J.: 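Questions regarding the structure given below will be posed in turn.
Reminder, nothing fancy here: chain letters follow the sequence lines and each chain counts from 1. Basis for what follows: all heavy atoms, side chains included, without hydrogens, waters or symmetry-related copies. Owing to the predicted nature of the structure, the values given are computational and were not obtained by experimental measurement.
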Amino acid sequence: MAKELKELTNREENYSQWYNDLVVKAGLAEYSAVRGCMVIKPYGYAIWEKMQQTLDRMFKETGHENAYFPLFIPKSFFSKEAKHVDGFAKECAVVTHYRLKNDPDGRGVVVDPDAKLEEELIVRPTSETIIWNTYKGWIQSYRDLPILCNQWANVVRWEMRTRLFLRTAEFLWQEGHTAHATREEAEQEAERMIRVYADFAENWMGVPVVIGHKSENERFAGAEDTLTIEALMQDGKALQSGTSHFLGQNFAKAFDVQFTNREGQMDYVWATSWGVSTRLMGALIMAHSDNNGLVLPPRLAPTQVVMIPIYKGEEELVAIGARLKEIAAELRAAGVSVKIDDRDHVRSGFKFAEYELRGVPVRLAMGPRDMAAGTIEVARRDMLTKETLPQQGLAQHIVSLLDRIQQGIYDKALAFRTANTTRVDTFEEFERTLDEKGGFVLAHWDGTAETEEKIKELTKATIRCIPWDAPAEKGVCIYSGKPSPRRVLFARSY
RNA sequence: CGGGGUGUAGCGCAGUCCGGUAGCGCGCCAGCUUCGGGAGUUGGAGGCCCCGGGUUCGAGUCCCGGUACCCCGACCA
């Protein structure tokens, strides 16, 4: 690989370009031949798989089961929930035909006009409609409830502008869809799942998040309440990293899903849906990376420790390689994922730089001097520090080091967020903070959609959420001067 | 859909103003020397210069028409 390939564009000058370069050069993903669609490369997918496995386990621990619903949704399903169709209509891929044929003029293949579908099919942008159409057949009595299903799937949203991982025309995600007998139970479910997401973001990804309610403007199309986790990226923009919606009875009414309750009366089912996507990959990258490349939290790194032999000639390589294998076995026995890089056609310095770019948390290097002294060089990616330690007892040291790195990455991100969260009381201060500093801005808001809209128009900042833990605090709206009961979280966002 | 920009080797680009038959850097292949932070050197392979038409003895270069992609907005996980 070229030196040139490793050199990233300047992060301060153009964060977007830098991000794009990093994703491509670290081997995570790249754009494909299809406009707006992304190829997730093996290294990127390995990280996503780690995320998937962890989340999947968390979903199962909270009583959920996986299922799978169709990719295609009949067009008529969309018109059943008015707000829902409003929210998604503009960005749908539509299947109109089911057959191709050879062009009679010999110019390759054309769509067969005789194979027009009676009813067009929408490639799912989200699955509420097809799922509620299905749930209708599953639910008669309160004894059939709750239904707690999740699906891992791809969805398509025909976005005009795309960015690797953050917004692509097709993306991978999970969507949970639950059905409940009571409002309270559904509300609790929505809260439980946003907590699961926050737990995952903070304890696995090392990304601190603010949990809160979306304002009416920012709410999911068809939801009564949307809970969100909001993370702060290093360029000062917010990223909505996961959402959990309380859907009320909207979809049950749209798809006529009624059940007989304990009292023997008919009622509509209460619903939630919740999801996170490959966008989390973007959050991971933008929250931790530095000028040398990715910084992966150990709990999600496909390779936690890379071992690099430093040697001259075949003989040394054999001897050092053998010792590295012994140490690798000890590390694996301690539950650490290890890779030995004994490629002979690239030099060690090249490997150092490459694994830094790819964010591998710990690097071990061993050369003849270490062999003689019984030592090994241990370098940590997050701090870019290294020390020489005895080989004796290394496994234990690495296990605790990985824990410290995991914690260190989170602490650093949290410190960044704290330093970039500003409380402001005037509109002038609000604008200046956004322009000069960026980050999260806590300010008073009068609670109206009009004010939110106006602020967005003037500053491009939106209400990221009304934080759960926001203390009651009397104040006046920075825009309208009307009374406000608490501060809300504003930011410019992805 | 508006406003800018770019299509030349696998990647990044120069050459286009002023027409003369294809260059640079990196990568790739082979050899030798190297090897504790992105190796050095010698040799080599690799091009429908985005597509179509026109002008010309001659077009990567000029003219006309397409098309693709990128960036900035509007839309959004």
Side-chain angles (χ1 to χ4, degrees), chain A residues 1-9 14 16-17 20-21 24-25 30-36 86-92 125-126 153-175 197 214 217-221 226 228-231 238-245 273-283 292-293 308-317 320 342-357 363-373 375-377 379 384 386 388 456-457 460 462 464 493-494:
Chain A
M1 253 175 274
K3 181 174 179 179
E4 181 181 295
L5 278 177
K6 299 296 170 65
E7 274 163 9
L8 298 166
T9 38
N14 187 341
S16 292
Q17 190 63 50
N20 197 80
D21 272 16
V24 172
K25 287 172 185 173
E30 61 195 24
Y31 281 116
S32 73
V34 182
R35 188 189 148 75
D86 267 5
F88 288 101
K90 282 174 279 183
E91 50 184 45
C92 286
T126 180
N154 58 339
V155 285
V156 169
R157 297 182 187 174
W158 213 258
E159 303 287 354
M160 298 170 195
R161 276 194 68 206
T162 57
R163 285 160 66 63
L164 292 169
F165 287 120
L166 299 178
R167 184 170 301 106
T168 48
E170 179 190 6
F171 57 96
L172 304 181
W173 77 346
Q174 58 69 216
E175 44 181 328
Y197 289 156
K214 282 290 184 191
N217 279 357
E218 299 282 324
R219 203 174 278 162
F220 175 74
T226 290
T228 178
I229 50 170
E230 297 287 324
L239 184 74
Q240 176 176 313
S241 305
T243 48
S244 179
H245 315 290
S273 68
W274 29 273
V276 293
S277 71
T278 36
R279 175 174 254 208
L280 289 179
M281 294 285 293
N292 291 336
I308 297 171
I310 293 159
Y311 59 94
K312 280 181 234 184
E314 184 82 24
E315 228 172 272
E316 275 185 11
L317 175 60
I320 294 169
D342 57 2
R343 284 178 299 170
D344 193 33
H345 63 277
V346 286
R347 307 168 101 215
S348 47
F350 178 92
K351 293 177 187 175
F352 290 177
E354 186 176 36
Y355 290 105
E356 274 163 17
L357 177 65
R363 182 186 71 232
L364 301 176
M366 193 161 76
R369 291 206 301 265
D370 292 303
M371 279 295 273
T375 57
I376 192 160
E377 184 187 88
L384 292 167
K386 52 190 178 183
T388 299
K456 182 179 177 181
E457 201 183 303
K460 289 181 188 155
T462 50
R464 302 319 303 156
S493 73
Y494 280 99

J.: What is the distance, to the nearest angstrom, from the CZ atom on F352(A) to the P atom on A39(B)?
T.: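 Taking atom P of A39(B) as the reference, CZ of F352(A) is at 11 Å.
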
J.: Please report the interatomic distance CG(D344(A)) to CD(E314(A)), rounded to the nearest 0.5 Å.
T.: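 One finds 7.5 Å between CG of D344(A) and CD of E314(A).
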
J.: Heavy atoms under 4.0 Å, any strand shown: does T375(A) hit a base, just sugar-phosphate, or nothing?
T.: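 Touches nothing.
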
J.: With a 4.0 Å cut-off on heavy atoms, is F171(A) in touch with a base, just the backbone sugar-phosphate, or nothing at all?
T.: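 Base contact.
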
J.: Just to be sure I understand the rule, does E356(A) reach a base, reach only the sugar-phosphate, or reach nothing, if contact means heavy atoms closer than 4.0 Å?
T.: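 The residue E356(A) makes base contact.
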
J.: Once you apply a heavy-atom cut-off of 4.0 Å, does S348(A) come out as touching a base, just sugar-phosphate, or nothing?
T.: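 It contacts sugar-phosphate atoms only.
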
J.: Please say whether the positively charged group of R363(A), taken as NZ for Lys or CZ for Arg, lies over the ring of F352(A), i.e. under 6.0 angstrom from the six-membered ring centre and within 45 degrees of the axis.
T.: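 The answer is yes; both the distance and angle limits are met.
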
J.: Looking at C57(B), which nucleotide sits across from it as a Watson-Crick or G-U wobble partner, both distances under 3.5 angstrom, or is there none?
T.: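 By the stated definition (distances under 3.5 Å), G20(B) pairs with C57(B).
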
J.: For the P atoms, the ones on G53(B) and on A59(B), what distance do you get once it is rounded to whole angstrom?
T.: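 G53(B) and A59(B) have their P atoms separated by 13 Å.
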
J.: Between R369(A) and Y31(A), name the one whose nearest nucleotide on RNA chain B is closer to the 5' end.
T.: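 The answer here is R369(A).
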
J.: Between C50(B) and C17(B), how far apart are the two P atoms, rounded to whole Å?
T.: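 My reading of the P atoms in C50(B) and C17(B) gives 15 Å.
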
J.: Return the 5'-most residue of the pair P368(A), T278(A) with respect to RNA chain B, ranking by each residue's nearest nucleotide.
T.: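 Counting from the 5' end, the first nearest nucleotide belongs to P368(A).
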
J.: Considering all heavy atoms of both residues, which atom of S348(A) and which atom of I308(A) are nearest to each other, and what is their separation?
T.: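 The answer is CB-CG2, 4.1 Å.
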
J.: Going by atom types only, do S493(A) and R464(A) share a side-chain donor-acceptor pair under 3.5 Å?
T.: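 Result is yes, a qualifying pair exists.
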
J.: Could you tell me the Watson-Crick or G-U partner of G44(B), where both distances fall under 3.5 Å? Say none if there is no partner.
T.: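 C28(B) is the nucleotide pairing with G44(B).
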
J.: Quote, to the nearest angstrom, the C1' distance that separates G19(B) from G54(B).
T.: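 Pairwise C1' distance, G19(B) against G54(B), rounds to 15 Å.
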
J.: Quickly work out the L357(A) CG to G37(B) C1' distance and round it to whole Å.
T.: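 Rounded to the whole Å, the gap is 15 Å.
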
J.: Choosing from A77(B), C35(B), G37(B), which nucleotide comes nearest the side chain of K312(A)?
T.: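 When the side chain of K312(A) is considered, C35(B) is the closest of A77(B), C35(B), G37(B).
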
J.: If pairing requires Watson-Crick or G-U wobble contacts with both distances under 3.5 Å, which nucleotide is the partner of A14(B)?
T.: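 Matched A14(B) with nothing under the 3.5 Å cut-off.
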
J.: Base, sugar-phosphate alone, or nothing: which one does L166(A) contact when heavy atoms must sit under 4.0 Å apart?
T.: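 Base, at least one base atom sits under 4.0 Å.
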
J.: Do V276(A) and S241(A) have side chains that approach each other closer than 4.5 Å (heavy atoms only, starting at C-beta)?
T.: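 Of all side-chain heavy-atom pairs linking S241(A) with V276(A), none is under 4.5 Å.
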
J.: Contact class for Q240(A) (heavy atom, under 4.0 Å): base, sugar-phosphate, or nothing?
T.: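 Sugar-phosphate contact only - Q240(A) comes under 4.0 Å of backbone atoms but never of a base.
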
J.: Now, which nucleotide makes the Watson-Crick or G-U wobble pair with G38(B), with each of the two distances under 3.5 Å?
T.: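 Pair assignment: G38(B) / none.
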
J.: Take atom NZ of K351(A) and atom C1' of G36(B), then tell me their distance rounded to the nearest Å.
T.: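 K351(A) atom NZ is separated from G36(B) atom C1' by 13 Å.
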
J.: Mind calculating the distance between CD (E91(A)) and P (A77(B)) to the nearest angstrom?
T.: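 Atom-to-atom, E91(A) to A77(B), this comes out as 7 Å.
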
J.: Would you measure the distance from the C1' atom in C13(B) across to the matching atom in C70(B) and give it in whole Å?
T.: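 Result for the C1' pair: 16 Å, nearest Å.
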
J.: Rounded to the nearest angstrom, tell me the gap between atom OH in Y197(A) and atom C1' in A77(B).
T.: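 So the two atoms are 11 Å apart, to the nearest Å.
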
J.: Using atom C1' in both nucleotides, what's the gap between A77(B) and G2(B) to the nearest angstrom?
T.: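 To the nearest whole Å, 25 Å.
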
J.: Record whether the side chain of K386(A) comes under 3.5 Å of the base of G36(B) through a donor-acceptor pair of N or O atoms.
T.: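 Counting by modelled atom types and ignoring angles, no donor-acceptor contact under 3.5 Å is found here.
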
J.: Is there a side-chain contact between N20(A) and Y31(A) in this structure, where contact means two heavy atoms from C-beta onward sitting under 4.5 Å apart?
T.: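 In short, these two side chains touch, coming nearer than 4.5 Å.
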
J.: If the plane angle is over 60° it's perpendicular, under 30° parallel, otherwise tilted; pick one for W274(A) and Y197(A).
T.: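 Aromatic pair W274(A)/Y197(A) classed perpendicular.
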
J.: Rounded to whole angstrom, note down the P distance from U56(B) over to A14(B).
T.: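 These two P atoms come out 32 Å apart once rounded.
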
J.: Using both distances under 3.5 Å as the test, list the Watson-Crick or G-U wobble partner of G2(B), or none.
T.: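 Partner of G2(B): C72(B).
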
J.: Specify the separation, in whole Å, of atom CD of E316(A) and atom P of C35(B).
T.: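 Nearest whole value for this atom pair: 10 Å.
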
J.: Have a look at R163(A) and say if it touches a base, only the backbone sugar-phosphate, or nothing, with a 4.0 Å heavy-atom cut-off.
T.: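 Nothing, no heavy atom under 4.0 Å.
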
J.: Rounded to whole angstrom, note down the C1' distance from A30(B) over to A68(B).
T.: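 Pairwise C1' distance, A30(B) against A68(B), rounds to 38 Å.
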
J.: Of the nucleotides A77(B), G36(B), G37(B), which one has an atom closest to the side chain of I310(A)?
T.: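 Closest of the options to the side chain of I310(A): G36(B).
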
J.: Any strand is fair game: report the nucleotide pairing with G65(B) by Watson-Crick or G-U wobble, both distances under 3.5 Å, or none.
T.: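 The base-pairing partner of G65(B), which may sit in any strand shown, is C51(B).
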
J.: Is any N or O donor-acceptor pair between the side chain of R347(A) and the base of G36(B) shorter than 3.5 Å?
T.: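 Side chain to base: no pair present.
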
J.: When you compare C51(B) with C11(B), how far apart are their C1' atoms, in angstrom units rounded to a whole number?
T.: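 Roughly 23 Å separates the two C1' atoms.
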
J.: What integer distance in Å separates K460(A):NZ from C75(B):P?
T.: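 Distance, rounded to whole Å: 11 Å.
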
J.: Write down the distance between CE (M371(A)) and P (G36(B)), rounded to a whole number of angstrom.
T.: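 Checked: the CE to P distance equals 17 Å.
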
J.: Which nucleotide sits closest to the side chain of F350(A): A77(B), G36(B), A39(B)?
T.: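 Of A77(B), G36(B), A39(B), A39(B) is nearest to the side chain of F350(A).
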
J.: So which of E170(A), E91(A), K90(A) actually passes side chain to side chain contact (heavy atoms under 4.5 Å, CB included) with E159(A)?
T.: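 Only match with E159(A) under side chain to side chain contact (heavy atoms under 4.5 Å, CB included): E91(A).
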
